[in-house]
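To start, the structure under review is shown below, and the notes come after it.
Here, residue 1 is the first one in the sequence, and each next residue gets the next number.
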Amino acid sequence: MNRPALLDFDEARRQLLELAQPLALREGDFEDLPTNDALDRVLARDQVSTLDVPPMDNSQMDGYAVRAADLVAGQPMAVSQRIAAGEVAAPLAAGTAARIFTGAMVPAGADAVIMQEQAVLDGGQVRFDILPAAGDWIRRTGEDIRRDSVVLTAGTRLTPQALGLAASVGLAMLPVRPRLRVACFFTGDELAMPGETLAPGAIYNSNRFVLVALLRRLGCDVTDLGIVPDSLDATRSALREAARRCDLIVTSGGMSVGEEDHVRPALEAEGSLRTWQIAIKPGKPLAWGAVRRADGGSAHFIGLPGNPVSSFVTFLLFVRPFILRLQGATDRLPRPIAVRADFDWPKPDRRREFLRVRFNQAGGLDLFANQGSGVLTSTVWADGLIDNPPLQAIRRGDLVAFLPMEGLL
C-alpha cells in the first residue's frame with residue numbers, strides 16, 4: 001500500500017494560513033481599553049503621537065550645562081543656576097555653567113553637558129579639565145519620536161514595551177480588536193483530571209492544561225468544554241456547541257480512523273475536514289476543518305496530535321500563527337538565531353526536526369536526552385527549539401537555527 005507523500009512544513013503552514021483570513025470587523029467591534037489593561041491585545045488602528053519625545057532638549061546625566069565656546073581648560077566659571085528634572089530652566093548666562101540633573105531641561109544658550117565626574121568644584125565655581133564638543137550628553141527634542149508620527153501600527157500585539165511606548169506619548173486609551181473566541185475539548189474515556197483517582201488504564205489530561213493556557217496567553221476568550229465522552233453523538237454535539245459560541249475550535253487527538261476515534265466522522269458530518277501528514281518531527285498529523293453554524297456561517301477547526309509534545313510543538317508552529325492571523329496581528333514565527341550546538345546528533349530523521357534544547361553556561365546549546373513525543377518534561381526544561389532540516393546531522397560546534405521559546409509563546 002502506497003502512503004501519501006508527506007507535505008513540506010513551509011508548504012503546510014502556507015496552506016493553513018491561507019485559510020485564516022483576519023476576522024471581518026466593523027467600527028463598532030473595536031474596544032477602547034485603558035492602556036494599562038491592553039496587554040496582549042491586538043491594536044485596531046494606527047496610533048499617532050501628538051508630541052515630540054523627548055519634548056525638550058534634556059540632559060542625559062547629572063553634570064553641568066555649558067556653552068562649549070565659553071570654556072577654557074582649567075579656568076573656573078560661576079555656577080549660575082541649578083536645574084532639576086521637571087523645572088523650567090532660565091537662559092544660561094554668558095560665561096557660566098548650570099548645575100543640571102538627569103532628565104532636566106537644558107537651558108537656552110547651552111549646547112553641551114559635562115558629566116559631574118569630569119568637573120572640579122572650587123568654592124562656588126567649577127572648572128573642567130576635559131572640554132566637551134557641542135551636543136555632548138544632550139537628548140535632543142524629538143530624537144526618539146516626532147510629533148504626528150505613527151508610533152504603533154494596526155495589527156501590533158501589545159507587549160509591555162508597546163504599552164510603555166503608548167504611555168510615553170500620552171495615550172491613555174487604546175483601540176483593540178475583540179478577543180478571538182476559541183473553544184477546546186478533549187476526547188477519550190481514558191482521560192482523568194488531576195485530583196481524581198486514576199483508574200487502571202487511565203491517564204491525566206495534561207493536554208487540556210497546556211492548550212488552555214497557551215490560548216489564554218495569546219489573549220483568546222477561551223471556552224473549555226472539557227472531556228467529551230467517546231461517542232459520535234457526544235462529539236457532534238460538542239462541535240455544534242463550540243461553533244455556536246466561538247470562532248475557532250481546537251482539539252488534540254481523536255483524529256485516527258479507529259472505532260473509538262470520533263472527531264473525524266463527527267467533523268465530516270457537521271462541516272468539512274482537511275488533513276495533512278506533515279514532514280516534521282514531532283507532530284506529523286494535523287487537521288483543519290470548518291463546522292457549520294445554524295446562521296449559515298462556520299467556525300474554524302484545528303485538530304492537533306494527541307501526544308503531549310507533538311500537541312505542544314504543533315500548536316506553537318501552526319496554531320499560534322493561525323490565531324494571530326485571525327486576530328489581525330502582524331507577527332508570525334520568530335526568526336531563528338544561529339547558536340552553537342554543544343552536542344552531536346548523528347542520526348537525523350528524514351523529516352524536519354524540532355529538537356528541545358537549552359543554553360549552557362558556555363553559551364552553547366545542550367540537547368534534552370529523550371526527544372520522544374510523549375516526554376513533556378523536555379518542554380519545561382527547554383529554552384527553545386532547534387529547527388533542523390531533514391537528514392541534517394549535527395556535530396558538536398556546528399551553528400544551528402535556534403527558535404527561542406519566549407518568541408513562540
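Ion pair E31/R41 flagged as a salt bridge, since at least one NZ, NE, NH1 or NH2 atom sits closer than 4.0 Å to an Asp/Glu carboxylate oxygen. With respect to R181 and D221, no salt bridge is recorded, no charged nitrogen being found less than 4.0 Å from a carboxylate O. A salt bridge is defined here as a Lys NZ or Arg NE, NH1 or NH2 lying under 4.0 Å from an Asp or Glu carboxylate O, and R395 with D398 fails to meet this definition.
For the atom pair L286 CG and T275 OG1, the distance stands at 9.0 Å (nearest 0.5 Å). Considering OG of S252 and CG of N307, their distance stands at 10.0 Å, rounded to 0.5 Å. From L239, atom CG reaches atom OG1 of T251 across 8.0 Å, with rounding to the nearest 0.5 Å.
Evaluation of the ring pair (Phe, Tyr, Trp, His ring centres under 6.0 Å) rule for F312 yields no partner, not counting sequence neighbours. Residues meeting the side-chain contact (heavy atoms from CB on, under 4.5 Å) test with D224, sequence neighbours left out: C184, F186, R208, V212. In this structure, the side-chain hydrogen bond (donor to acceptor under 3.5 Å, both in side chains) partners of D10, at least two apart in sequence or on a different chain, are R352. When the ring pair (Phe, Tyr, Trp, His ring centres under 6.0 Å) test is applied to F9, the partners found at least two apart in sequence or on another chain are F318, F354.
The side-chain hydrogen bond (donor to acceptor under 3.5 Å, both in side chains) pairs that include a residue from residues 82-91 number zero, where partners must be two or more places apart or lie in different chains. The salt bridge (Lys or Arg N to Asp or Glu O under 4.0 Å) analysis of residues 296-312, with sequence neighbours excluded, yields no pairs.
Side-chain contact, R356 with Q371: a donor N or O sits under 3.5 Å from an acceptor N or O.
Dense packing is recorded around CZ of R14, with more than 12 heavy atoms of other residues, nucleotides or ligands lying under 6.0 Å away.
A cation-pi geometry, defined here as NZ or CZ lying under 6.0 Å from the six-membered ring centre and within 45° of its normal, does not hold between R358 and F368.
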